[in-house]
Number of protein chains: 2
Amino acid sequence: MSTRPEVSLAQRKRQLVANELTEAALQLLASKGFDAVTIDEIATSAGVSKRTFFRYFASKEDVVVQFLADMGTGIRAELAARAAGELPSVALRHAVSVPLDECAGHADRALRVVQLILRTPALNARFLEHQAQWRDDLTAELAHRLGLDPDTDLYPPLAAGMTLTAFDVVLRRWSDSDGGEDPAELIQRAFVVIAPALDTVVRK
Amino acid sequence: MSTRPEVSLAQRKRQLVANELTEAALQLLASKGFDAVTIDEIATSAGVSKRTFFRYFASKEDVVVQFLADMGTGIRAELAARAAGELPSVALRHAVSVPLDECAGHADRALRVVQLILRTPALNARFLEHQAQWRDDLTAELAHRLGLDPDTDLYPPLAAGMTLTAFDVVLRRWSDSDGGEDPAELIQRAFVVIAPALDTVVRK
DNA sequence: TAGCGTCTTGACACCGAGTGCCATGAACGG
DNA sequence: CCGTTCATGGCACTCGGTGTCAAGACGCTA
């Protein structure tokens, strides 16, 4: 009962290698630029072979962007957890604040990653793909929450899109200000703008 | 004075090759799928070498997506051309209707291209990148139109984002319905939803 | 301790995207 | 007829990404 292996030793080893890889990648990419770093470099720098790199990540972009995958489910979960009677603008604002607060938390590290992503075209493209996925998730959750048909009603996808637009604008402004502006305050202001659309009931 | 070469002969030859390339690409990609077609195939099918292909297009995606580049300036130009006193929601709706009407125009061909783009991850990613560019353009134009500071005010990027969200949602629905739904009517309905946010004056 | 599956890894070969370089050939101008 | 320009094709090369296989590490059992 020394270390209580609630997860298998193999699992932890795997996680260790993954961390080593992301660490090496982030360090190299941030200092030399995305295109100037080869996967061989990253792998070697982490002490594994190129082939092993691809057993952990599907592409060069994924090392940086992979963690975004979980955020989508985080947002959706938060929306699902909000009280049903809550105004859409309020529920959605809280939902999208989850990843934003996470950024504000580890401000130093998160800021550098976000800036790397937003300033590297290849990474930015992947980020946008993830956002599109989040939008689909939010759309489904929103339709379910309001009892609307996501294939007919335009409200769910539009509301999800507006929400993520707000998220995106806030993130970019936070990045451009080098962390100078407060994400929480920015998202508040953004929702003041979009709330009139989110909270207007449209009858057909 | 036979053909009145208002553009040089070399220019027209270049255009000819470009057309041949896009034609070959569209035909092959649509029938075999994006990943199953190599650039060598496309080039050979158009009667040129692989090396020449890359003198016309920067990447495999570009053959399909390149025409989107102009749309951005089209949207922005339309917005700039609208009367200054017009309500933002009206001006923006007209601006974004430009590419939509273009689609509805050549419905048969456009539909197939749009479906190819939206259903191919690599192409979809490029499409999203273009949209992001459009958003920046629209943001600048909107800020100029309203006399707002695009680096301070949140309204311009949010309004641009909402507008393009509407565009995106409409385009996807049009694609999913195999052209069954009318883009003009869809965009109308979408703007009914987002207009309350676009037309609400937010004083700081 | 020997033997036997399982899982991870590294090495190698391979494909396709994308680029730099250079020789060729056609069109144009003097 | 000659020299320049420019588009093209061929070639070699880098790098991202994948399939395959043999070798080791680990755990289980006799």
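Numbered from 1 within each chain, the chains take letters A, B, ... in sequence-line order.
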Compare all side-chain heavy atoms of B/R145 with those of B/E86 and state whether any distance is below 4.5 angstrom. yes
Here the ring pair (Phe, Tyr, Trp, His ring centres under 6.0 Å) pairs for residues 41-77 of chain A, sequence neighbours left out, are A/F53-A/F57
Donor-acceptor pair (no angle test) under 3.5 Å: B/K50 side chain, D/dG9 base: no
By salt bridge (Lys or Arg N to Asp or Glu O under 4.0 Å) - contacts of B/D62 (at least two apart): B/R126
Just verifying a value: how many Å separate B/Q115 CD and B/D178 CG, rounded to the nearest 0.5 Å? 5.0 Å
Please report, rounded to the nearest Å, how far the C1' atom of D/dT18 is from the CZ atom of A/F53. 14 Å
Nucleic acid contacts of residues 17-45 of chain B, taken as heavy-atom distances under 4.0 Å to DNA chain C: B/V37, B/T38, B/I39
Find the distance B/F54:CZ to C/dG20:P and express it as a whole number of Å. 12 Å
Between the protein and nucleotides 4-7 of chain D, which nitrogen or oxygen pairs come in under 3.5 angstrom?
none

Quick one: does B/R51 reach the base of C/dG20 with a side-chain donor-acceptor pair under 3.5 Å? yes
How are the rings of A/F167 and A/F127 set relative to one another: parallel (under 30°), tilted (30 to 60°) or perpendicular (over 60°)? tilted
Donor-acceptor pair, side chain of A/T44 and main chain of A/E41, under 3.5 angstrom: no
Whole-Å distance, A/E61 CD to D/dG16 P, equals 10 Å
Which residues pass the salt bridge (Lys or Arg N to Asp or Glu O under 4.0 Å) test with B/R173, not counting sequence neighbours? none
Listing, residues 19-29 of chain B side-chain donor-acceptor contacts under 3.5 Å, not counting sequence neighbours, or none:
from: B/N19; atom 1: OD1; to: B/Q15; atom 2: NE2; distance (Å): 3.3
from: B/N19; atom 1: ND2; to: B/Q15; atom 2: O; distance (Å): 3.4
from: B/T22; atom 1: OG1; to: B/A18; atom 2: O; distance (Å): 3.1
from: B/T22; atom 1: OG1; to: B/N19; atom 2: O; distance (Å): 2.8
from: B/E23; atom 1: OE1; to: B/R109; atom 2: NH2; distance (Å): 3.4
from: B/E23; atom 1: OE2; to: B/R109; atom 2: NH1; distance (Å): 3.4

